[in-house]
Amino acid sequence: MFHLSHLRYFYAVAQTRSIRKAAESLHVAQSAVSRQIKNLEEELGVPLFDRHPRGVRLTDAGQILAKYAQQTMLNLDRIRSEIDDLRALRRGTVKICTVEAGLIDILPQVIRDFRRRYPAVSVTLLTRGSQGVVDTILNDDADLGLAFNAPYHPDVEAVATQPQRLYAAVAPDHAIAGKKQVKLSELKAYPIALPDTSFGIRQLVDQIQQSAQLRIEPVLTTDSIQMLVSFARLGLGVAFLPFFAIKGEIRNERIAAVPLADHPARNANAEIIVHKGRQLPIPAEEFLDELKKALRLLK
DNA sequence: CAACAATCACAACTTATCGT
DNA sequence: ACGATAAGTTGTGATTGTTG
């Protein structure tokens, strides 16, 4: 097998025109260099050096190899320095795929902090439904995925999980606003907005409906979390949202949120997911750390 | 003879391949 | 999944052969 160290040996010999001197500068025995050169010549099927009593001289074949060896050594220096840059987070891109709810609060904050620490690393952000986030991760079109109740897939690994109950979000003056918790069946009377079926939220609500033998007719179906938030805030009715989508609105008292009591909604999770077995790029590792911290603060 | 490369025997490691 | 063992690699130092 052709090894980089062979090329290093060859290059040293070509430069010093001497196996002995090359060995000296490489801090190995002369015999070791001699043998590597011989192996290289056997591998290529042609002598690379003419042997002379005072050293060696490149053959025509040797000249050709020397030309590329030099380029390779130079490239190697470059590669090393670029990788050093990457390690020091002086370059690179982090690709993230998230459900829309992640855009409202958590990701802007994490991106702000991350950008402050690593200004030279850029961020690419995609928005999908929970299923779409999983698919994007499986295709390696993103390094990290943020999803709510992501559908299970054997090749996807949840590297962080934060319990995230599903809430009935309403305007502060809504009839249910003060309640400790509500069951889905109690909300039947109110106008309801739901995201479409590609959302983890919708999957959950549908599960509840099924086990509770309910049939809810939403007055609004949308692919926009932002729209659901507005629906609740403007008092149009009840929207179902996980905490991390409405954290800010609750704090500002623009929305009141009542946790859903029905079982599947109680142990829903926000998850950070990655492609199982995939070695993450260094910037993504760093971003993941930040994102994990932010996720833990979601309560 | 001095300078040099080639070769050999052996040690220390690493890698591949088993059988359990 | 595991350790035992064989098979390569890469190293060293001693030695040999060639030649100006």
Side-chain angles (χ1 to χ4, degrees), chain A residues 1-92 134-135 137-140 142-145 147 150-162 267 269 271-289 291-292 295:
Chain A
M1 252 288 278
F2 199 95
H3 228 271
L4 264 179
S5 66
H6 301 159
L7 205 62
R8 262 180 56 233
Y9 281 23
F10 167 83
Y11 186 61
V13 174
Q15 282 203 313
T16 59
R17 300 160 193 282
S18 156
I19 291 180
R20 192 192 55 78
K21 284 187 193 137
E24 208 174 291
S25 74
L26 293 165
H27 306 290
V28 294
Q30 165 257 321
S31 55
V33 180
S34 178
R35 184 168 48 190
Q36 292 305 345
I37 298 297
K38 196 182 86 164
N39 289 347
L40 204 48
E41 291 178 320
E42 266 166 28
E43 174 86 26
L44 295 171
V46 63
L48 297 166
F49 296 98
D50 290 325
R51 274 68 169 177
H52 291 89
R54 304 267 141 192
V56 295
R57 187 137 10 104
L58 283 166
T59 61
D60 290 350
Q63 302 259 6
I64 294 173
L65 183 58
K67 189 173 76 185
Y68 288 104
Q70 182 173 27
Q71 286 173 13
T72 303
M73 300 315 268
L74 290 175
N75 276 334
L76 224 49
D77 283 348
R78 254 198 93 117
I79 290 166
R80 193 161 295 138
S81 84
E82 286 195 24
I83 288 178
D84 284 350
D85 278 2
L86 191 66
R87 256 212 284 264
L89 280 294
R90 285 195 288 265
R91 66 170 68 220
V134 170
D135 293 342
I137 288 297
L138 285 172
N139 285 333
D140 291 327
D143 307 312
L144 305 173
Y152 174 79
H153 191 288
D155 291 334
V156 165
E157 186 184 359
V159 289
T161 302
Q162 178 69 38
N267 38 27
N269 291 307
E271 293 165 308
I272 305 172
I273 59 175
V274 299
H275 198 165
K276 194 174 274 181
R278 175 178 162 171
Q279 173 76 45
L280 284 180
I282 293 162
E285 292 273 11
E286 288 301 313
F287 195 96
L288 175 58
D289 283 348
L291 189 54
K292 273 183 181 170
L295 193 67

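Within every chain, numbering begins at 1; the chains are lettered A, B, ... in the order of the sequence lines, protein sequences first and strands thereafter. All figures in this text were calculated on a predicted structure; none of them were measured in a lab.
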Which nucleotide in the set dA6(B), dG11(C), dG20(C) lies at the smallest distance from any side-chain heavy atom of Pro53(A)? dG20(C)

Okay, side chain of Arg51(A), backbone of Phe49(A): is any donor-acceptor separation there less than 3.5 Å? yes

Lys276(A) atom NZ: more than 12 heavy-atom contacts under 6.0 Å: yes

Nearest-angstrom distance from the residue atom CG of Leu58(A) to P of dA5(B): 13 Å

Base, sugar-phosphate or nothing for Phe49(A)? Non-hydrogen atoms, less than 4.0 Å. nothing

The criterion is ring pair (Phe, Tyr, Trp, His ring centres under 6.0 Å); which residues satisfy it with Phe287(A), sequence neighbours excluded? Phe114(A)

Using modelled atom types and a 3.5 Å cut-off, is there a donor and acceptor pairing between side-chain atoms of His153(A) and backbone atoms of Asp155(A)? yes

May I have the distance from Leu40(A) (atom CG) to dT10(C) (atom C1'), rounded to whole angstrom? 15 Å

In plain terms, say whether Asp84(A) and Arg90(A) are close enough for a salt bridge, that is, a side-chain N and a carboxylate O under 4.0 Å apart. no

Is Arg20(A) close enough to dC4(B) that one of its side-chain N or O atoms is under 4.0 Å from OP1 or OP2 there? yes

Between dA6(B) atom P and His52(A) atom NE2, what is the distance in whole Å? 12 Å

Can you measure Glu43(A) atom CD to dT9(C) atom C1' for me and round it to whole angstrom units? 14 Å

Between Arg54(A) (CZ) and dA3(B) (P), how many Å, whole number? 7 Å

Within this structure, what is the CG-to-C1' distance between Asn39(A) and dG11(C), rounded to whole angstrom? 13 Å

For a quick check of understanding: with a heavy-atom distance under 4.0 Å over all strands, which category does Ser18(A) fall into, base, sugar-phosphate or nothing? sugar-phosphate

Does His6(A) place a side-chain N or O at less than 4.0 Å from the phosphate oxygens OP1/OP2 of dT9(C)? no

Rounding to an integer number of Å, can you tell me how far Arg57(A) CZ sits from dA5(B) C1'? 15 Å

Are any of the side-chain heavy atoms of Leu144(A) and Val274(A) separated by less than 4.5 Å? yes

N/O donor to acceptor pairs below 3.5 angstrom from side-chain atoms of residues 24-39 of chain A, sequence neighbours left out:
unit_1, atom_1, unit_2, atom_2, d
Glu24(A), OE1, Arg20(A), NH1, 2.9
Ser25(A), OG, Ala22(A), O, 3.0
Gln36(A), OE1, His6(A), NE2, 3.2

Look at Tyr9(A) and dG11(C) and indicate whether a side-chain polar atom (N or O) is within less than 4.0 Å of OP1 or OP2. yes

dA3(B) C1' sits how many Å from Glu24(A) CD, rounded? 13 Å

Let's see if you get this right: which residues in residues 26-36 of chain A place a heavy atom under 4.0 Å from DNA chain B? Gln30(A), Ser31(A), Ser34(A)

